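This report refers to the structure that appears directly beneath it.
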Number of protein chains: 2
Amino acid sequence: MTDEWQPHTETEGVETSPAPSRKGPERAAAEYALLGLIAQTGSGEIHGYDLSRSFAEGALGRIIRLESGMLYHYLKKLARDGYITSRIERQSGRPDRQVHTLTADGDALLRMWIAAPVRSTREIRLEFLVKLYLARTVDPRHAVTLVTEQRSVMRTRAARLTEQLATPQPADADTSFGESVLRLRLTQTRAALDWLDTLPESRN
Amino acid sequence: MTDEWQPHTETEGVETSPAPSRKGPERAAAEYALLGLIAQTGSGEIHGYDLSRSFAEGALGRIIRLESGMLYHYLKKLARDGYITSRIERQSGRPDRQVHTLTADGDALLRMWIAAPVRSTREIRLEFLVKLYLARTVDPRHAVTLVTEQRSVMRTRAARLTEQLATPQPADADTSFGESVLRLRLTQTRAALDWLDTLPESRN
DNA sequence: ATGCTCATGTAACCAGTTACATGATTTG
DNA sequence: CAAATCATGTAACTGGTTACATGAGCAT
């Protein structure tokens with residue numbers, strides 16, 4: 001009765017993560033998007049400005065936004081944490097550029113993140129889409145795993161909400177409002193499930 | 001072709017707002033929630049600690065979270081901007097308390113915010129729920145207005161998404177992904193609409 | 001001469017979270 | 001006596017946004 005319809009919390013996903021090494025704090029989806037774009041490049045090398053364009057022109061730029069300032073900041077951060085290595089490429093007549101490469105750690109981190117479903121319905125709209133996009137380009141099998149597990153998460157969630165709605169509550173104003181909140185969450189969860197079912201990865 | 005499925009932007013609602021006076025920047029939903037709680041009190045006066053409890057124990061605390069530090073910060077902000085007035089109430093044996101009252105400006109601001117639907121589907125989960133809850137307690141007619149207009153917003157949105165999906169696109173990988181994104185948004189929008197239709201305010 | 005593309009950033013700012021400070025008084 | 005309640009905050013930190021700085025070459 002205490003944990004019925006819990007409040008929105010911004011820093012969620014900390015307790016649900018498997019936390020095997022607890023290396024760093026949660027990264028923004030944009031950071032993984034950068035890792036993914038680096039992984040995508042044929043040569044394995046790419047510099048910031050190119051990343052910026054790939055981001056803005058590609059599908060990722062239509063899901064999340066990433067200003068150049070933040071992009072270079074994330075590249076530094078990823079390099080500092082050992083997920084990419086960066087070397088300077090001298091150019092004549094043009095400014096020098098830094099080319100970045102994924103490390104083994106970076107590749108592992110990216111694949112782990114891609115394969116893990118998001119916990120809440122709200123995160124479907126951003127995180128999950130980025131994961132799906134990257135999974136498809138990095139390794140289509142990851143996409144199948146991701147979609148399968150995400151469907152499972154959403155089904156569990158829908159079941160829990162249904163169960164909560166089934167248990168009768170005292171009928172005051174707050175409770176009826178709370179029921180509305182639960183029904184909203186349930187419809188949104190079901191909508192997400194329906195959508196997941198239409199993805200090509202759902203043919204299994 | 002350029003503005004098909006636009007990116008997620010955090011600072012949205014600025015350009016869509018009617019901007020009549022442009023008094024202050026966008027406020028957090030929690031600030032309006034505080035205004036609403038102050039408006040709810042019978043005497044018209046309430047102090048921070050009571051607000052904190054009302055918040056945590058009531059339905060609002062299950063939708064959004066508000067730490068005491070931020071609560072007092074918002075109260076100062078609202079007082080500074082002239083939406084509430086605060087006076088100190090001396091107590092013997094207890095710490096002095098500050099009791100807060102809505103000003104005419106504050107009341108107007110609250111009602112304006114409550115009556116205005118949210119622009120995006122994403123905001124349904126937080127902002128809209130807070131608006132609905134406050135509308136019901138402050139003035140049930142506001143709730144009818146809000147729900148009616150919100151349904152209209154969602155219908156327009158659904159129509160636009162449907163239209164975008166109808167226009168055929170070149171069939172590359174990015175486009176098919178983009179179509180999935182559009183379909184996700186459409187299902188989520190429709191789910192929100194279905195839920196809105198189940199609210200008592202939708203009987204008109 | 002003007003401004004655009006390349007290429008990488010810095011600086012200032014703002015919002016929010018977490019944790020703690022204070023100090024009396026009542027309750028177990 | 002310890003702990004919770006009352007009541008209001010402060011301080012440090014995190015992270016993200018916006019805007020601008022730099023400076024060469026190239027196209028109009």
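This one's a predicted model, so the numbers in the text were calculated from it and none came from an experiment. These values consider heavy atoms only, across backbone and side chains, with no hydrogens, waters or symmetry-generated copies. Residue numbers start from 1 in every chain, and the chains themselves are labelled A, B, ... in the order their sequence lines are given, proteins ahead of strands.
- One finds the OG1 atom of B:T145 at 10.5 Å from the CD1 atom of B:I114 (value rounded to the nearest 0.5 Å).
- If you measure from atom CG of A:L51 to atom C1' of C:dA7, you get 12 Å, rounded to the nearest angstrom.
- Comparing D:dC6, C:dA7, C:dT18 by their closest approach to the side chain of A:R97 singles out C:dA7.
- Comparing C:dA7, D:dG16, C:dG16 by their closest approach to the side chain of A:Y74 singles out D:dG16.
- Going from atom CD of B:Q91 over to atom P of C:dG23 covers 18 Å, rounded to whole Å.
- Checking C:dC6, C:dT18, D:dA7 against the side-chain heavy atoms of B:Y49 singles out D:dA7 as nearest.
- A salt bridge links B:R119 to B:E123: one of the charged nitrogens lies within less than 4.0 Å of a carboxylate oxygen.
- In the set C:dT26, C:dC6, D:dG16, C:dC6 carries the atom at the smallest distance from any side-chain atom of A:P95.
- Under a 3.5 Å cut-off, the side chain of A:W195 and the backbone N or O of B:Q188 do not form any donor-acceptor pair.
- Distance from the side chain of A:Y72 is smallest to C:dG9 among D:dT17, D:dG9, C:dG9.
- Taking only side-chain atoms of A:M70, from C-beta outward, the nucleotide of C:dG9, D:dT17, C:dC6 with the closest atom is D:dT17.
- Two residues, B:S68 and B:S92, neighbour DNA chain C, and the one matched to the more 5' nucleotide by heavy-atom proximity is B:S68.
- Set against D:dT8, C:dT8, D:dG16, the side chain of B:H47 has D:dT8 as its closest nucleotide.
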